[in-house]
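Everything numeric in this text was worked out from a predicted model, so none of it was measured. Heavy-atom basis, side chains included; hydrogens, waters and symmetry copies ignored.
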Amino acid sequence: MKLMTWLLRIYWLLVIIIFLGGGWLIDLHTFTDSIDVLCAAAIFTLPLIIYSLKLVLPDLQWRWYGNIFMSLVIGGLYIASAYYAIKKLDLLLSSMVKPTANQHLNILSVNKVLAGRAGFIHTNVVLEYRDKPLQVEGSRSSYFLLQNKKIITIAVGRTLLGEYFGNYVNMPFSSRWQAFKSYWQDWVQRYWWLAIVFVLMLLWDPFKRIFFNK
């Protein structure tokens, strides 16, 4: 049991490292869904799912339909995290071992991708590659970096799973830093109210003790 607990911790640590590494080391990449990768993720995480359910379900003491719901949630969380981790790991490993070629590509469009209340999640960039439009994903700061550019030089390669990946060539650090700052300035302008909510949450407990516990 202790071995499985450590495996759970190692798994989630690796998932976090892979996601952070993919965001920092790869500038642009395509994303194509794969049923084969999804099946591999389900098979790989099945022992972790079963062990997690054995830990969680007895303590909940829910009815059978509650247990089914929680099983679906936990199973979905593991499979989804493994699926995206495999896709990110493919990008990371391929960027280290696969050859790349510098390409001067026209930028056809740069758009924010919004996901409801989650807000701005990534940037969609359409490039002209081999006389055809190629849609790639970038970080949120990529929107501010590329929105006013018409052409860019990218070191382009193919991953082991067939995705395209690319990193900016000769992109000065000052431009990247300015884009990063612009993203956070935009974020603060949109979500300044979260700071007020956070302060009110901190003040609520002492306020309640002073005025309502007499």
Side-chain angles (χ1 to χ4, degrees), residues 1-26 29-95 112-124 137-141 159-163 183-184 187 190-191 193-209 212-213:
M1 290 298 181
K2 288 185 178 180
L3 175 61
M4 287 300 298
T5 301
W6 275 106
L7 287 176
L8 289 182
R9 294 172 181 173
I10 292 171
Y11 170 79
W12 286 111
L13 178 61
L14 288 175
V15 166
I16 292 171
I17 291 173
I18 291 170
F19 271 77
L20 291 178
W24 283 103
L25 299 179
I26 305 295
H29 63 88
T30 57
F31 185 93
T32 307
D33 281 316
S34 170
I35 188 66
D36 293 335
V37 174
L38 183 63
C39 291
I43 294 171
F44 173 77
T45 56
L46 183 59
L48 302 179
I49 294 171
I50 294 173
Y51 181 70
S52 296
L53 292 176
K54 289 179 65 176
L55 289 178
V56 172
L57 294 184
D59 291 337
L60 292 178
Q61 296 182 346
W62 286 358
R63 294 181 180 273
W64 64 268
Y65 48 81
N67 290 337
I68 292 176
F69 172 76
M70 183 55 65
S71 299
L72 293 174
V73 170
I74 292 176
L77 180 62
Y78 272 101
I79 294 172
S81 63
Y83 176 78
Y84 286 102
I86 292 171
K87 299 287 283 185
K88 286 281 188 181
L89 188 60
D90 171 54
L91 289 169
L92 289 171
L93 293 177
S94 299
S95 68
K112 295 179 179 179
V113 176
L114 305 174
R117 294 183 179 180
F120 184 15
I121 55 174
H122 66 260
T123 303
N124 262 1
E137 292 183 7
S139 66
R140 285 165 286 191
S141 62
T159 73
L160 299 169
L161 294 178
E163 302 287 3
Y183 163 69
W184 280 108
W187 191 92
R190 292 174 182 272
Y191 299 106
W193 52 271
L194 287 175
I196 297 176
V197 172
F198 180 71
V199 171
L200 291 176
M201 290 174 62
L202 292 177
L203 295 177
W204 170 245
D205 191 60
F207 178 83
K208 182 175 65 173
R209 282 189 280 107
F212 294 98
N213 288 342

Restricting to side-chain hydrogen bond (donor to acceptor under 3.5 Å, both in side chains), what partner residues turn up for Ser81, sequence neighbours left out?
Tyr11
Side-chain touch Thr30/Thr159, heavy atoms, less than 4.5 angstrom
no
Starting at CG of Leu7, measure out to CZ of Arg9 and round the result to the nearest 0.5 Å.
11.0 Å
Return the set of residues passing salt bridge (charged side-chain N to carboxylate O under 4.0 Å, His left out) with Glu163 (not counting sequence neighbours), or none when no residue passes.
Lys87
The side-chain hydrogen bond (donor to acceptor under 3.5 Å, both in side chains) partners of Ser141 (sequence neighbours excluded) come to Ser139
Who pairs with Phe31 by ring-ring contact (aromatic ring centres under 6.0 Å, His included), at least two apart in sequence or on another chain?
Tyr84
Residue that, paired with Leu91, satisfies side chain to side chain contact (heavy atoms under 4.5 Å, CB included) out of Ile26, Ile18, Leu161
Ile26
Contacts of type side-chain contact (heavy atoms from CB on, under 4.5 Å), residue Leu55, not counting sequence neighbours:
Leu8, Tyr51
Could you grab the distance from atom CD1 of Ile74 to atom CG of Asn67, nearest 0.5 Å is fine?
10.0 Å
Of all residues at least two apart in sequence or in a different chain, which pass the side-chain hydrogen bond (donor to acceptor under 3.5 Å, both in side chains) check with Asp33?
Tyr83
With sequence neighbours left out, what residues match Ile50 under side-chain contact (heavy atoms from CB on, under 4.5 Å)?
Leu46, Lys54
Pairwise distance OG1(Thr5) to CD1(Ile10) - rounded to 0.5 angstrom
11.0 Å
Between Thr45 and Ala82, the two heavy atoms sitting closest are CG2-CB, 3.4 Å
Run the side-chain contact (heavy atoms from CB on, under 4.5 Å) test against Asn124 and tell me which residues pass, sequence neighbours left out.
Val113, His122, Gln135, Glu137
Between CG of Asp36 and CD1 of Ile86, what distance do you get to the nearest 0.5 Å?
11.0 Å
Residues forming a side-chain contact (heavy atoms from CB on, under 4.5 Å) with Leu93, sequence neighbours excluded
Leu89
